Amino acid sequence: MSLTDVLSRIDQDLPAATDRLLELLRIPSISTDRAFKADCDAAADWLVADLNGLGVTTEKRPTPGHPMVVGHLDGPGPHLLFYGHYDVQPVDPLDLWDRDPFDPEVQDTPTGRVIRGRGSADDKGQLMTFIEACRAWKAVHGSLPCKLTFFLEGEEESGSPSLVPFMREHADELKTDLALICDTGLFASRVPAITTMLRGLLGEEITITGPSKDLHSGMYGGIAINPVRVLARIIASLHDDAGRVTVPGFYDGVSELPDDLRAQWQGLAFDHARFLNDVGLSHPAGEVDRTPLEMIWSRPTCEVNGIIGGYTGDGFKTVLPSKASAKISFRLVGSQDPLAIREAFRKMVTDMLPPDCSVAFSGHGASEAGVFETTNPAFEAARAALSDEWPDPAAYIGCGGSIPIAGHFQNLLGTTPMLIGFGKDDDQIHSPNEKYDMESFHKGIRSWARILDALTRA
Ligand code: BES
Ligand code: ZN
């Protein structure tokens, strides 16, 4: 029995694997919204049952938030851990979806066959690529090639509040030779990739209160302070004209890209015009003196993710609101300290408040950036395996997104994380009409089979 048999088995089983993924996608496991708590539990139960069916001893493990799914299978070395997340982002704005986000289907589109539905790419489809590779391996060989631990999280999209305590408490159980994380993408939708840099993330919500109640803007407009205007001024002051973030000390710990990495990224020939064109844009709008790949992979940012205040319903209402709030996130790089930035940001906002206004802050996660070592020979082995599966050789890339657990594997457990995923830039993750290409799913499963083979061949 050889790798070729496992790959053929994957090809034959693709329709059944797709049906299994569709079943998981029907569970609306939105972690950030309490109304979906039972659904998060149901998604965890589904995975527990599926992994137990594969012979992996798996349990749903409680946390103060959503449960972790942890499974173990004994076998010869090396001991590999696989991480993915079963929670998904909220679906709003629902009216921009072409179908019910939790009634997924396979669709033929002009650019190929896709699996459409919330979580198809982030991260249920990706998570299932590894499980399906194991299923095919087991069907062909009767057992899996090495000792495996599965660690599936249900809070990744809501800042992973239970993750660090859980990892600390179960450090011995989760320490392995290598942690495989499937939650990233291909390079430029085409080239297989191992992601070696992730940005960190700091989430802040601010609520500004002025008058004690909503007021008539004719009776009070002019004399009363308007919290929406105060908020707008604060938000406008967060960047200077060169696109740099103005929070004091924000750039402490941000270094220039080393020459070798700059040269490597230049070799990737990133087509930023196309990247922007795909989303209806044409001009890079970040810091004026930075290259496009730097802007998304190695420079820190401050973005406003949402503003709430005043009357936003149909028609018009002449109100002077009592409160206004905003959700603001910072992507972090290098050794920027999320907690120091939180403090500096809160002080900056507080210092800008006019008389009669107060501010309340609430934090939504704070994770550092990660840069991951690739000296372990497993990296070159995995890179060769990926290059065998895809038309282009695999690249080492950065990623603008955040996957806090990658840093925790490195810092809390001393386990090297290896990030490999098959998402494409146009998957619309976190947006309406999210999809995962059938090619990503199929070749993703085949890629993991090749990687498992490469990492466990004596
Ligand atoms: N899978 C994404 C990370 C990602 C984004 C990878 C883009 C590749 C390209 C992950 O699930 C995610 O969205 N993470 C959140 C982090 C969080 C703490 C809410 C993010 O980056 O916003
Ligand atoms: Zn994800």
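We use all heavy atoms of the structure for the numbers below, so side chains are in, but hydrogens, waters and symmetry mates are not. Small disclaimer: the values here were computed from a predicted structure and weren't measured. Each residue takes its place number in the sequence, starting with 1. Just follow the structure's listing: the first ligand is 1, and inside any ligand the first atom is 1.
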_Aromatic contact between Phe345 and Phe330, with the criterion being ring centroids under 6.0 Å apart: yes or no?_
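Yes, the ring centres sit under 6.0 Å apart.
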*Is the centre of the Phe150 ring less than 6.0 Å from the centre of the Phe130 ring?*
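Here the rings of Phe130 and Phe150 have centres that are less than 6.0 Å from each other.
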Any ion pair linking [Y] and [X] (charged N to carboxylate O, less than 4.0 Å)?
X: Glu380; Y: Arg383; answer: yes
X: Asp426; Y: Lys435; answer: yes
X: Arg135; Y: Asp50; answer: yes

Minimum non-hydrogen distance to [atom], winning option of [options]:
atom: atom 8 (C) of ligand 1; options: Ala406, Gly421, Cys399, Pro404; value: Cys399
atom: atom 1 (N) of ligand 1; options: Ile296, Leu419, Asp183, Val88; value: Asp183
atom: atom 19 (C) of ligand 1; options: His430, Arg199, Glu157; value: Glu157
atom: atom 20 (C) of ligand 1; options: Arg331, Glu153, Glu156, Gln89; value: Arg331

*For Asp122, what is the atom name of its N, O or S atom nearest to the Zn ion (ligand 2)?*
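Looking at Asp122, the N, O or S atom with the least distance to the Zn ion (ligand 2) is OD1.
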*For the side chain of Thr375 and the backbone of Glu373, is there at least one donor-acceptor N/O pair under 3.5 Å apart?*
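No, Thr375 side chain to Glu373 backbone: no donor-acceptor pair under 3.5 Å.
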Atom indices of ligand 1, in the order listed, that fall short of 4.0 Å to a heavy atom of [X]:
X: Ile429; value: 5 (C), 7 (C)
X: His85; value: 11 (O)
X: Gly401; value: 5 (C), 21 (O)

*Measure Leu201 to ligand 1 on non-hydrogen atoms and call it side chain, backbone, both or neither using the 4.0 Å cut-off.*
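Side chain only; the backbone of Leu201 stays clear of ligand 1.
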*Mind checking whether Asp122 contacts ligand 1 via backbone (N, CA, C, O), side chain (CB onward), both or neither, at a 4.0 Å heavy-atom cut-off?*
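The part of Asp122 near ligand 1 is the side chain, not the backbone.
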_For a quick check under 3.5 Å, do Glu434 and Gln428 share a side-chain donor-acceptor pair by atom type?_
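Note: Glu434 and Gln428 side chains miss the donor-acceptor criterion.
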_Contact flag Asp183/the Zn ion (ligand 2), N/O/S atoms, threshold under 2.8 Å_ =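 Looking at Asp183, which is the residue asked about, there is an N, O or S atom under 2.8 Å from the Zn ion (ligand 2).
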_Tell me the protein heavy atom at minimum distance from atom 15 (C) of ligand 1, and give that distance in Å._
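Result: Ser402 O, 3.6 Å.
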*Taking the side chain as every heavy atom from C-beta outward, state whether Cys182 and Trp448 have any atom pair closer than 4.5 Å.*
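SC-SC contact between Cys182 and Trp448 confirmed.
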